[in-house]
Amino acid sequence: QVQLVESGGGSVQAGGSLRLSCAASGYTGSFYCMAWFRQPPGKEREKVAIVYTRSSNTYYRDSVKGRFTISQDNAKNTLYLQMDSLKPEDTAMYYCAATTRLLDCYPGSRWSADSGYWGQGTQVTVSS
């Protein structure tokens with residue numbers, strides 16, 4: 001059974017930094033990609049960043065490009081999201097996800113919440 005557990009969320013002032021971690025356990029060798037999603041208050045969940053597990057290629061949504069960095073440590077089975085220059089609009093619940101479905105990994109695809117594996121979420125709050 002695969003489990004994803006996020007940590008590292010918290011409250012920070014605008015311009016600050018946080019690093020989120022996602023520890024994966026169970027059989028993780030078949031993931032095509034891992035990703036970070038976020039759900040701002042009152043809004044739908046959105047894809048933030050993807051890393052393709054075999055190539056380590058990455059994708060970012062436009063609003064976080066140049067500020068966020070997704071990375072993976074295969075030895076530790078851990079996914080990271082380094083978030084710099086945080087803005088109040090980055091305030092959201094952040095979720096880690098992983099999938100064995102290649103279709104989910106396309107940046108424009110609709111990766112539904114009932115596909116793949118998901119963590120429980122970690123809250124990030126950025127104050128102005």
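This is a predicted model, so every value here is computed, not measured. Every heavy atom of this structure was used, including side-chain atoms; hydrogens, water molecules and symmetry mates were not.
- Using modelled atom types, one finds a donor on one side chain and an acceptor on the other under 3.5 Å when comparing D104 with S115.
- Closest approach of A14 and S128 over heavy atoms only: CB-CA, 4.3 Å.
- Under a cutoff of 6.0 Å and an axis angle of 45°, R19 and Y80 form a cation-pi pair.
- Side-chain atoms of Y60 come within 3.5 Å of backbone N or O of I70 as a donor-acceptor pair.
- Put simply, the side chain of T53 gets close to the backbone of Y32: a donor and an acceptor are under 3.5 Å apart.
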Exercise. Can you check side-chain contact (heavy atoms from CB on, under 4.5 Å) on M83 and S17, steps first, answer last?
Worked result: CA-CA 5 Å; M83 304 186 295; S17 298; over 6 Å; no
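- Residue S112 holds its OG atom at 7.0 Å from CZ of R101, rounded to the nearest 0.5 Å.
- Contact detail for V124 and G9: the closest heavy-atom pair is CG2-CA, 4.2 Å.
- Between Y52 and C105, the shortest heavy-atom contact is OH-O, 2.5 Å.
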Exercise. Checking side-chain contact (heavy atoms from CB on, under 4.5 Å) for the pair E44/Q39: CA distance, chi angles, key distance, verdict?
Worked result: CA-CA 6 Å; E44 291 189 353; Q39 187 164 15; 5.5 Å; no
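- Of all heavy-atom pairs spanning L18 and G8, the tightest one is CD2-O, 3.9 Å.
- Y95 and Y117 fall into different hydrophobic clusters, where Ile, Leu, Val, Met, Phe, Trp and Tyr side chains are chained together by heavy-atom contacts under 4.5 Å.
- Nearest heavy atom pair, residue I50 against residue C33, reads CG2-CB, 3.8 Å.
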Exercise. Does the side-chain contact (heavy atoms from CB on, under 4.5 Å) test come out yes or no for F31 and L79, once each step is laid out?
Worked result: CA-CA 12 Å; F31 295 153; L79 180 73; over 6 Å; no
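- Open room surrounds CD on Q3; 12 or fewer heavy atoms of other groups in view lie less than 6.0 Å from it.
- W111 has its ring centre less than 6.0 Å from the ring centre of F37.
- Using a 4.5 Å cut-off on side-chain heavy atoms (C-beta onward), R38 and K43 make no contact.
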Exercise. For C22 and W36, what are the C-alpha separation, side-chain angles and deciding distance, and is it a side-chain contact (heavy atoms from CB on, under 4.5 Å)?
Worked result: CA-CA 9 Å; C22 172; W36 288 98; 3.8 Å; yes
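- Shortest non-hydrogen contact noted between Q123 and M93 is N-SD, 3.5 Å.
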Exercise. Which is it for Q72 and T78 under the side-chain hydrogen bond (donor to acceptor under 3.5 Å, both in side chains) test, yes or no, and what are the steps along the way?
Worked result: CA-CA 6 Å; Q72 55 182 351; T78 302; over 6 Å; no
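- The residues K87 and D90 are annotated as not salt-bridged, no charged nitrogen and carboxylate oxygen being separated by less than 4.0 angstrom.
- W118 carries R45 over the face of its six-membered ring, with the cationic atom under 6.0 Å from the centre and within 45° of the normal.
- Proximity of a side-chain donor or acceptor of Y94 to a complementary backbone N or O of E6 within less than 3.5 Å is not detected.
- Checked by atom type and distance alone, the side chain of T100 never pairs as donor or acceptor with a backbone atom of S30 at under 3.5 Å.
- Applying the 6.0 Å contact sphere to CZ of R110 captures no more than 12 heavy atoms from other residues, nucleotides or ligands.
- The backbone N or O of S85 sits less than 3.5 Å from a side-chain atom of R67, completing a donor-acceptor pair.
- Judged purely by atom type and a 3.5 angstrom limit, K47 uses its side chain to pair as donor or acceptor with the backbone of S109.
- Contact check for C96 versus M34: side-chain heavy atoms found under the 4.5 Å cut-off.
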